[in-house]
Amino acid sequence: MSKLVIVESPAKANTIQKYLGSEYEVMASMGHIRDLPVSRLGVDVEHDFSPSYENIKGKGELIKKLRAEAKTSDYVYLATDPDREGEAISWHLAELLKLDQNEPNRVTFTEITRSGVENGMAHPRQIDRQLVNAQQARRVLDRIVGYEISPFLWKKIRKGLSAGRVQSVAVRLVVDREEEIRSFQPEEYWTLEVLLAKENAKYKPFLAKHYGKNGKKQEIHNEEEARQIVSEVDGKPFRITNLKKGTRQKMPTPPFITSTLQQDASRRFGFQAKRTMKVAQELYEGINLEDMGAVGLITYMRTDSLRISNEALEAAHNYIISTYGKEYGLEKPRVFRSKANAQDGHEAIRPTMIDLTPAKIKDSLTPDQYKLYKLIWERFIASQMAPCIQDTVSVELTAGEHTFKSSGFSIRFEGFTRLYIDASEGEEESSTNLPPLEMGESLRQKELRPAQHFTQPPARYTEASLIKELEENGIGRPSTYAPTLSTIQQRGYVEREQKALKPTIVGEITTKLMKEQFGKIVDVQFTAGMERNLDQVEAGKLDWVRMMRSFYDDFSAMLKQADENMAGTKMKIPDEETDIPCELCGRMMVIRHGKYGKFLACPGFPECKNTKPLQQETDGLCPLCGKKVLSKKSKTGRTYYGCADNPKCGFMTWDIPLADRCPQCGSTLFKTTGRIKKIHCLKEGCGYEMSIKK
């Protein structure tokens, strides 16, 4: 006889088995084991929204094994993931295995280390029905929205479409942004910079920007205004009329939570959210390290809390002092405040063992695991390091009646920036070095630089910025961002152009219908309000059935009204015309949308039934066989490039083919799309490459 511990994944089971020893048997449920039925609603809306759960297809043999093992075990512990979803899986397992739910048979591990596992096993508890109800409420709510609206979309647009409580709002955000971009009217404006030099030639010249006239800020709207200012200051002395010197502290960013990890991994490495979470799950569940075996390297990766345990703070402090010196440490730990609606059940994402530095375990990790672990490790350590101290200088200069300004800083003490610099959406902040300056000093004008500009439309969302937008609006939770972003791309509502997310015609038409007929479902504020209600259910402050009744009464009326509004009408997805002739009849082919995405079709259907995959020619030639390189789309909507002679020639790359040819061998040059920008030749044996600025 032994004790049975049930977790979700085999990798996690292997790691935990090592710590618990032979008196325990650790098995994996392989994720969810029961769910709502696939082919029907599975929710009794007439009787308190009672869900009808079924064993998931293909899990029959596993369920038999779990039941047999549970029957011969002294005790069964349910050790699924420490979140709402994991709690629900434990409840389903308890129901299937007929366990006494009044018994303390639920254990959680926030980190898969010896101490984390031992601590979890030492503190078993009952299944938390509030967490289960919260997950059940979300599942039922999502099922009703999806199963009731999706058939409506099939009738009114086309088969295969779907709606979702979070998914449809995410698509709307992308569509709304695209409409903003289209309607944007650029406005002209000008800037004026002056290159100034001290009389002492050993100091480099520096730039100052025009601020205004007679002490008031002045906008420069056109070339005429710019030239007028140039005529008024050209040749005049630039005298320093205001000089401020000071210091400022730059503080580190907090440790990662789920959303910020996904955002940073997207900016730095171009990882999609799904890829980030897959790698983070591997790091959490356990990696085989030399001389140590399987070890969970990070704490649980689905969290929106910034809390850190005292033990981890002490370990970080000791590491910082011993590695960098006392001046890099803090007198007391830095505490970060979580946002108001954060679930505080878990810590922020951090390394489980500080001494396992990225360099020490690099050889045991895949490239993706190493990148993500290094990012998490450095961000956490940096969060407990001393601030960066910067000496700042700001200067105002007067030429005639006009004021120019310049500012800069230099690093007095690097602090946490010795280890980690936060990656912003754009360029990282760079230092502007100003020469020694004195009040009243006159500087020599070397060059006046008027420049024309136009206001720019808002940028398309990237995965990083869309996750940030969803989080800031309170839509979805840490566990939903990655699957939501994958779904809207796989369903063909949104596609990627490099890193940018762009709506497809299907996404725009579906969103138009949703806004017109189901306005509340795609309303940001309404969806955020539903999220708060679900949090109230989890906190035990709101009954989930009462919440569902309130929602469903309004929702069913909305559905009925939509049927009446659109009786007998259907929205057509317009074809996109191309300049590609049909090789059978000569008509110009069009882009159509099918169940599996876009394809080329002859508009002469049904007389001409010619179709073919959507591929676009580039200026590149295949470095393997010399045939044309085509631009293609992966299943996730990401652009890649492959040989036109596929499958005979297997060449493919994510790098962009250029019209330029290699100066060494004459083959096509390619430009990388990752964080490190370079132009290089992919011809075997050539090796030509050239770094480029971002």
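If you read the sequence from its start, that first residue is 1, and numbering goes on from there. Values reported hereafter were calculated over all heavy atoms of this structure, with side chains retained and with hydrogens, waters and symmetry mates removed.
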For this session: Answer whether the closest heavy-atom distance between the side chains of I298 and F380 falls below 4.5 Å.
Result: no

Problem set entry | Flag, side chain of Q517 to backbone of L559, donor-acceptor distance under 3.5 Å | no

For this session: Could you walk me through whether E85 and S479 pass the side chain to side chain donor-acceptor pair (under 3.5 Å) test, one step at a time?
Result: CA-CA 9 Å; E85 200 84 7; S479 59; 5.5 Å; no

Exercise. Is a donor on one side and an acceptor on the other found under 3.5 Å between the side chain of K502 and the backbone of E497?
Worked result: no

Exercise. Do we see a donor-acceptor contact under 3.5 Å between the side chains of T487 and T484?
Worked result: no

Exercise. At what distance, to the nearest 0.5 angstrom, does CD1 of I573 lie from OG1 of T504?
Worked result: 8.0 Å

Exercise. Just by modelled atom types, is the R350 backbone N or O under 3.5 Å from a matching donor or acceptor in the T299 side chain?
Worked result: yes

Exercise. When you look at I33 and I89, which way does the side chain to side chain contact (heavy atoms under 4.5 Å, CB included) test go after all the steps?
Worked result: CA-CA 7 Å; I33 208 142; I89 294 172; 5.7 Å; no

Exercise. Of the non-hydrogen atoms in N473 and A528, which two are nearest, and what is the gap between them?
Worked result: O-CB, 3.1 Å

Problem set entry | Heavy atoms of other groups near K156 NZ, more than 12 under 6.0 Å | yes

Exercise. Quick one: does Y493's side chain have a donor or acceptor within less than 3.5 Å of a partner on S168's backbone?
Worked result: no

For this session: First locate atom CD of Q456, then atom CZ of F184, and finally report the distance between them rounded to the nearest 0.5 Å.
Result: 7.0 Å

Problem set entry | R546 CZ: over 12 foreign heavy atoms closer than 6.0 Å | no

For this session: In sequence, state the C-alpha distance, the side-chain angles, and the governing distance for T639 and S631, and then conclude on side chain to side chain donor-acceptor pair (under 3.5 Å).
Result: CA-CA 7 Å; T639 300; S631 171; 5.0 Å; no

Seminar exercise, completed: The reported gap from OH in Y147 to CG in D142 (rounded to nearest 0.5 angstrom) is 12.5 Å

Exercise. Do M385 and Y420 have side-chain heavy atoms sitting under 4.5 Å apart?
Worked result: no

For this session: Have a look at Y300 and tell me which of Q281, E111, H346, E347 forms a side-chain contact (heavy atoms from CB on, under 4.5 Å) with it.
Result: H346

Problem set entry | Check ion pair E538-R138 (N to O, under 4.0 angstrom) | no

Exercise. Would you say Q185 has more than 12 foreign heavy atoms packed within less than 6.0 Å of its CD?
Worked result: no

Exercise. In this structure, are over 12 heavy atoms from other groups packed under 6.0 Å from M30 atom CE?
Worked result: no

Exercise. In terms of side-chain geometry, is the basic nitrogen of R379 or D422 positioned less than 4.0 Å from the acidic oxygen of its partner?
Worked result: yes

Problem set entry | Enclosure of K541 NZ (heavy-atom neighbours >12, cutoff 6.0 Å) | no

For this session: Look at the side chain of W377 and the backbone N and O of I354, then say whether any donor-acceptor pair between them is shorter than 3.5 Å.
Result: yes

Problem set entry | Side-chain donor or acceptor of D523 paired with backbone N/O of G519 under 3.5 Å | no

Problem set entry | Spacing of CD belonging to Q263 relative to CD belonging to E471, to within rounding of 0.5 Å | 6.0 Å

Problem set entry | Side chain to side chain, L375 and F269, heavy atoms closer than 4.5 Å | yes

Exercise. Taking 4.0 angstrom as the limit, do E531 and R165 come out as a salt bridge?
Worked result: yes

For this session: Determine whether I149 and M514 make a side-chain contact, defined as any pair of heavy atoms from C-beta on separated by less than 4.5 Å.
Result: yes

Problem set entry | Flag, side chain of Q262 to backbone of A273, donor-acceptor distance under 3.5 Å | no

Exercise. Between the main-chain N or O of S383 and the side-chain N or O of R334, is there a donor-acceptor pair closer than 3.5 Å?
Worked result: yes

Exercise. With a 4.0 Å cut-off, would you call R477 and D83 a salt bridge?
Worked result: no

Problem set entry | Pairing of K499 and E463 as salt bridge, 4.0 angstrom limit | no

Problem set entry | Heavy-atom side-chain contact between R532 and Q536 under 4.5 Å | no

Exercise. Is any side-chain heavy atom of I127 less than 4.5 Å from a side-chain heavy atom of E87?
Worked result: yes

For this session: Would you mind checking if K155 and D563 are paired as a salt bridge, meaning a charged N to carboxylate O distance below 4.0 Å?
Result: yes

Exercise. Rounded to the nearest 0.5 Å, how far apart are NZ of K278 and CG of L283?
Worked result: 10.5 Å

Exercise. So among H92, H32, Q136, which one has a side-chain hydrogen bond (donor to acceptor under 3.5 Å, both in side chains) with Y53?
Worked result: Q136

Problem set entry | Q384 vs I308 side-chain heavy atoms within contact, under 4.5 Å | no

Seminar exercise, completed: When rounded to the nearest 0.5 Å, the distance separating CD of E469 from CZ of R177 is 6.5 Å

For this session: Give a yes or no on whether the backbone of L78 and the side-chain of R106 come within a donor-acceptor separation of less than 3.5 Å.
Result: yes

Exercise. Heavy-atom distance under 4.5 Å between the side chains of F518 and L513, does that happen here?
Worked result: yes

Exercise. Is it true that a side-chain atom of T511 and a backbone atom of E508 form a donor plus acceptor pair closer than 3.5 Å?
Worked result: no

